[in-house]
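Working notes, beginning with the structure itself.
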Amino acid sequence: MKEFNLKGTKRTEIGKKASRLARKNGNIPCVIYGSKKDAEGKTIATDFEVAFNDIRKLIYTPDIYLVNIDIDGEKCQAVMREIQFHPVKDNVLHVDFYQVTPGQPIRMNVPVKFEGHAKGVRAGGVLYTSVRYLPVKALAEQIPERLTIDVTDLEIGKSLKVGDLKFDNVELLSRPDSLICGVRTTRAVDASTTEEGAAEGEAPAAEAAPAEESK
């Protein structure tokens with residue numbers, strides 16, 4: 001997995017008013033959730049902010065990254081967990097990170113890449129896909145940048161589901177029956193099949209032997 005370096009500053013004030021002020025100053029409020037818990041069993045979190053120009057490449061990319069975060073000199077590794085956008089303006093409001101602990105698996109959405117030319121497509125069908133990302137669980141250093149899925153053997157009417165896939169050192173978290181992709185027929189293929197069936201089937205009614213006349 002690629003790495004991304006990000007510097008931040010601890011937030012001394014939190015809340016809606018402080019968050020609005022941070023964004024007005026060109027910064028994005030963030031929080032990083034660690035693996036440790038407090039006396040009440042709640043996950044310890046650190047609030048900080050980063051310059052939007054420093055984080056925009058991390059947000060607006062289809063790639064996934066292991067993020068090296070430096071908050072006022074305190075360094076750790078994390079993965080981006082969630083981005084909150086404004087419902088109307090679509091600008092970034094908040095970003096959540098989850099700290100990576102060596103030796104402990106993490107959960108991440110990994111991009112899916114389809115490769116190969118499906119048999120069904122060569123026969124006139126159309127390949128359709130149902131996912132762009134798949135949630136996985138694995139050690140950070142073993143998570144691939146993409147999950148590559150070979151569709152070469154897919155014929156018309158056939159599909160791939162999560163249960164059909166297997167990747168080394170990675171656990172897929174979606175339901176086994178979740179649809180990944182498939183090849184569907186087209187009108188042109190249907191028409192061709194119908195014509196072939198008519199040519200090879202029984203004679204049409206007009207050519208059938210006449211029924212015996214009633215007396």
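The analysis underlying the following values was restricted to heavy atoms, covering all of them including side chains, and did not include hydrogens, waters or symmetry mates.
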Test item: Arg107 and Tyr98 side chains (from C-beta on) under 4.5 Å apart, heavy atoms: no
Side chain to side chain, Asp54 and Lys7, heavy atoms closer than 4.5 Å: no
CD-CG distance between Glu82 and Asn109, expressed to the nearest 0.5 angstrom: 11.0 Å
Side chains of Leu134 and Ile180 in contact at under 4.5 Å (non-hydrogen atoms): yes
Cluster overlap Tyr133 with Val131, hydrophobic side-chain contacts below 4.5 Å: no
Which atom of Arg146 lies closest to which atom of Asp63, heavy atoms considered: NH2-OD1, 2.7 Å
Connected via hydrophobic side-chain network under 4.5 Å: Ile28 and Phe4: yes
Non-hydrogen atoms of Pro176 and Lys161 that approach each other most closely: O-CB, 3.5 Å
Straight-line distance of Gln77 CD to Ile106 CD1, nearest 0.5 Å: 9.5 Å
Stepwise side-chain contact (heavy atoms from CB on, under 4.5 Å) check, Ile55 with Val92: CA-CA 10 Å; Ile55 198 175; Val92 181; over 6 Å; no
Check: Glu155 and Val183 side chains under 4.5 Å, non-hydrogen atoms: no
Within-4.5 Å side-chain heavy-atom neighbours: Asn169 and Leu139: no
Working for side-chain contact (heavy atoms from CB on, under 4.5 Å), residues Leu165 and Leu147: CA-CA 10 Å; Leu165 307 178; Leu147 296 173; over 6 Å; no
Min side-chain heavy-atom separation Phe48-Asn27 under 4.5 Å: no
Glu145 atom CD, neighbour heavy-atom count above 12 within 6.0 Å: yes
Rounded distance (nearest 0.5 Å) linking atom CD1 of Ile44 with atom CD1 of Ile32: 12.0 Å
Within 6.0 angstrom of Asp164 CG, more than 12 heavy atoms from elsewhere: yes
Contact summary for Gly124 and Thr186, nearest pair of heavy atoms: O-OG1, 3.2 Å
Shared hydrophobic cluster, Ile83 / Val110 (ILVMFWY, side-chain heavy atoms < 4.5 Å): no
Shortest non-hydrogen contact between Glu49 and Ala22, atoms and distance: OE1-CB, 3.6 Å
Parallel, tilted or perpendicular: rings of Phe85 and Tyr60 (30°, 60°): tilted
Non-hydrogen atoms of Thr152 and Gly116 that approach each other most closely: OG1-CA, 3.6 Å
Flag, side chain of Arg11 to backbone of Pro29, donor-acceptor distance under 3.5 Å: no
Stepwise side-chain contact (heavy atoms from CB on, under 4.5 Å) test for Arg23 and Leu93: CA-CA 8 Å; Arg23 289 190 288 269; Leu93 298 179; 3.8 Å; yes
Point-to-point distance, once rounded to the nearest 0.5 Å, from CG of Asn68 to CG of Leu66: 6.0 Å
Any side-chain heavy-atom pair of Val31 and His94 under 4.5 Å: yes
Connected via hydrophobic side-chain network under 4.5 Å: Tyr33 and Ile69: no
Derivation and outcome, side-chain contact (heavy atoms from CB on, under 4.5 Å), residues Lys10 and Glu74: CA-CA 10 Å; Lys10 282 186 179 180; Glu74 296 182 15; 3.3 Å; yes
CG (Leu173) with more than 12 external heavy atoms under 6.0 Å: yes
Neighbour count above 12 (heavy atom, 6.0 Å) for Glu141 CD: yes
Smallest separation among heavy atoms of Gly182 and Leu154, with atom names: CA-CD1, 4.1 Å
Test item: Ser159 and Leu179 side chains (from C-beta on) under 4.5 Å apart, heavy atoms: yes
Option passing side chain to side chain contact (heavy atoms under 4.5 Å, CB included) with Ile156 (candidates Val126, Thr185, Val121): Thr185
Arg122 atom CZ, over 12 foreign heavy atoms within 6.0 Å: yes
hydrophobic_cluster_shared for Phe167 and Val79, side chain cutoff 4.5 Å: yes
Euclidean distance, Met108 CE relative to Arg81 CZ, rounded to 0.5 Å: 9.0 Å
